Amino acid sequence: MELANAQSQDGESKGGVLAHLERLEIQLSKSHKKLEEPQREQAVESALGTKIHKLRLLRDKLSAELKQRQARVKVSAANVEPDQTLEISEQEILERKQENVKAILQAYRFTGISGKLTSRGVCVCISTAFEGNLLDSYFVDLVIQKPLRIHHHSIPVFIPLEEIAAKYLQTNIQHFLFILCEYLNAYSGRKYQADRLQSDFAACLAGPLQRNSLCNLLSFTYKVEPKDQSFPFCARLLYKDLTTALPTDVTVTYRGTDASATTWEEQRAAHEHMFFTKPLHQVFTSFARKGEKLDMSLVS
Amino acid sequence: MDETVAEFFRRTILKIPITEMMAVLKAWDFLSENHLQTVNFRQRKESLVQDLVLLCEEKRASLNDAALLDIIYTQFHRHQKVWDVFQMSRRPGEDIDLFDMEQFKSSFKKILQRALKNVTVSFRDTEENAVWIRIAWGTQYRKPNQYKPVYVVYYSQTPYAFVASSLLKSNLPLLGQALTVASKHHQIVKMDLRSRYLDSLKAIVFKQYNQTFETHNSTTPLQERSLGLDINIVDSRIIHENRVEKERIQRVTQEIFGDYPQPRLEFAQYKLETKFKSDLNGGILAEREEPLRCLVKFSSPHLLEALKSLAPAGIADAPLSPLLTCIPNKGMNYFKIRDK
């Protein structure tokens, strides 16, 4: 039948047959698809399922790791603090030690002789003092070579540095420094006494204090009582030993015109003795105190 | 008041610049505050000077007072004079120097007055136990010339005296003798050192020009000081060639000249009397038997600072010749160089 239809009505039957075939093909593919879809869906489903499974595993793994880490951090936080404070305190200790040493080095100048190493030798500092008062410091910068030499210094020109160096620098440097120390301390002491006399007891002096660079010759006219009108005494102090701060020669003269010579003579002799034994400004302090005692006795 | 003394006053006061007038008169301390208030300082200088001279006449100012005023003016203007340095010496093993300023002054004056009847000697004590001496010289028959005085500055118990050059060279031996005997020395020698800057001369001979010392108390490390050529300034636009060499020059210059301000001198003079030395054989100059004589003079407003900056500026090699760098150490700026 199909053939007859096909032969007689070629066009229509062809169209009919091909169209029919087409329709059948389409039906077939639809039904295939319908069959496939659940399969595909299943495949997708199973794929998704495995993916979900994998992700779950990964999640569990990560959360486990996280927990581990947190636990570790807590533990190490508990341990880390003592470690860090240990480091800080070590550094602090070192810094404090360094500051201590620096302070000790700086304080050495109070011993009178101190020094600091330099690139070419040593810079010695001689700090002078008199009766507990810290006075000027002087420096000698030495170059350590053969022969030992002085590079530069701050010693005043009237201190016989060249003489002392010529005698002792090459042979006995300790002695050189000690002798220089003696000279400088004595000079500082004499200068201090003269300065104190000039500043604190100017009212007791007639005119300025005569002095020289080394302060080893002092000459002045003075009175004992500030309320006195005249200046009855003249003093001349010689310091022939440059290593001492007390005079070697004292001459006190009385130039007043008072008739009662004996009391003045006693005073004059007493003053001479005082200038020999006490520092200059302290002699004048004791004059003032005696004056006060006299006043007190008059009052009482 | 003598006419000549009045004229001397007038000329001395006229020299003083108006800006310094008050300061100088106060330092002189002859005219008190009250006296000075009676004078009008705003008038023309000539009238002011006239008023002041009249005031001095009223107060019976003497030649000595005028000489003192002259000393003070010179102390204010010490750079106007050229100062020589003299060095005295003692015989070795002498007694301690018990220097008495009053004895020194009277001895000095006596020696001059015994030799020259006509001489004016004036003194002014200054700080650091020093004294300024003014000497006006005359002759047997002529009164002292007050307008050409000699000034001497002497620091007690030191071997140095600073003398403002005088044209009257004939009086120098007498001056030397007076200084030596009065200060209890035996010999006096003129040093080869001369400058206008008295304070620099003092710094050189008293060795006071380098006063920086390393101590534990100082906080500035010495390495950080630079000579003005600070290579450590990091500016990426500047490329420093020869950096190593520049640093070497800086180091060498600092070793020689130090970090301190240099004493001030105006010149250094070298008198050469040497044979010509040459590597080349022959040549006219090399064949001379006699030494060549020539004079080389370096002048500068501040010679030592200029020398210090030569190597860093690239003008000279470092280290500089020791003939140039020894000036403050040796205390000389006049040199005579002969073949040995």
Side-chain angles (χ1 to χ4, degrees), chain A residues 101-109 114-127 137-142 150-163 166 187 191 194 208-219 236-243 247-249, chain B residues 85 87-90 92-106 125-131 154-161 183-184 201-219 221-223 251 254-260 328-329 331:
Chain A
V101 171
K102 268 194 199 161
I104 290 175
L105 284 173
Q106 284 181 12
Y108 254 103
R109 53 191 285 263
S114 57
K116 178 170 192 267
L117 287 177
T118 64
S119 52
R120 49 178 172 244
V122 64
C123 181
V124 179
C125 172
I126 297 178
S127 308
S137 295
Y138 301 96
F139 297 90
V140 182
D141 193 309
L142 293 168
I150 299 175
H151 187 259
H152 64 285
H153 61 84
S154 68
I155 313 279
V157 64
F158 40 80
I159 301 279
L161 177 64
E162 288 85 28
E163 279 173 35
Y187 161 67
K191 181 161 168 290
L209 172 67
Q210 306 279 348
R211 54 200 282 184
N212 57 25
S213 297
L214 275 167
C215 289
N216 68 350
L217 190 148
L218 300 176
S219 178
R236 195 175 162 84
L237 276 60
L238 303 177
Y239 300 75
K240 285 187 184 157
D241 183 356
L242 288 181
T243 59
T248 52
D249 292 70
Chain B
V85 188
Q87 186 171 16
M88 296 183 280
S89 53
R90 288 209 161 88
E94 287 244 330
D95 284 336
I96 303 283
D97 183 7
L98 290 157
F99 181 86
D100 187 332
M101 185 59 90
E102 297 308 309
Q103 248 175 41
F104 169 80
K105 288 182 201 172
S106 79
D125 291 341
T126 52
E127 72 284 324
E128 291 184 76
N129 299 291
V131 62
Y154 178 61
Y155 288 79
S156 61
Q157 291 168 317
T158 69
Y160 300 102
S183 66
K184 303 207 185 108
L201 291 174
K202 177 180 164 238
I204 290 174
V205 293
F206 289 3
K207 304 251 175 263
Q208 289 170 343
Y209 51 89
N210 182 358
Q211 297 293 286
T212 47
F213 299 95
E214 281 187 55
T215 66
H216 292 292
N217 297 323
S218 57
T219 46
L222 291 172
Q223 284 84 11
R251 191 179 32 89
Q254 202 216 30
E255 271 171 24
I256 295 176
F257 288 93
D259 289 323
Y260 46 86
N329 263 329

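Fair warning: this is a prediction, and the values are worked out from it, not measured in the lab. Lettering follows sequence order; numbering is per chain, from 1.
The residues K207(B) and E162(A) are annotated as not salt-bridged, no charged nitrogen and carboxylate oxygen being separated by less than 4.0 angstrom. A salt bridge does not link D97(B) to K184(B): none of the charged nitrogens lies less than 4.0 Å from a carboxylate oxygen.
Here S213(A) is the residue among S213(A), S219(A), C123(A) with the most heavy-atom pairs under 4.5 Å with chain B. Ranked by heavy-atom pairs under 4.5 Å with chain B, the list T118(A), D141(A), V140(A) is led by T118(A). Here N212(A) is the residue among V157(A), L238(A), N212(A) with the most heavy-atom pairs under 4.5 Å with chain B.
A side-chain donor-acceptor contact under 3.5 Å links N216(A) and Q157(B).
At a 4.5 Å heavy-atom cutoff, E255(B) makes no contact with chain A through either its backbone or its side chain. The contact between L105(A) and chain B is made by backbone and side chain atoms together, counting heavy-atom distances below 4.5 Å. If you measure heavy-atom distances from L117(A) to chain B, the contacts under 4.5 Å come from the backbone alone. There is no contact between R120(A) and chain B, counting heavy-atom distances below 4.5 Å. Residue I96(B) touches chain A through its side chain alone, counting heavy-atom pairs closer than 4.5 Å.
With sequence neighbours left out, F257(B) forms a ring pair (Phe, Tyr, Trp, His ring centres under 6.0 Å) with no residue at all. For Y108(A), the ring pair (Phe, Tyr, Trp, His ring centres under 6.0 Å) test picks out no residue, with sequence neighbours left out.
In this structure, F104(B) and F99(B) have tilted ring planes: the angle between them lies in the 30° to 60° band.
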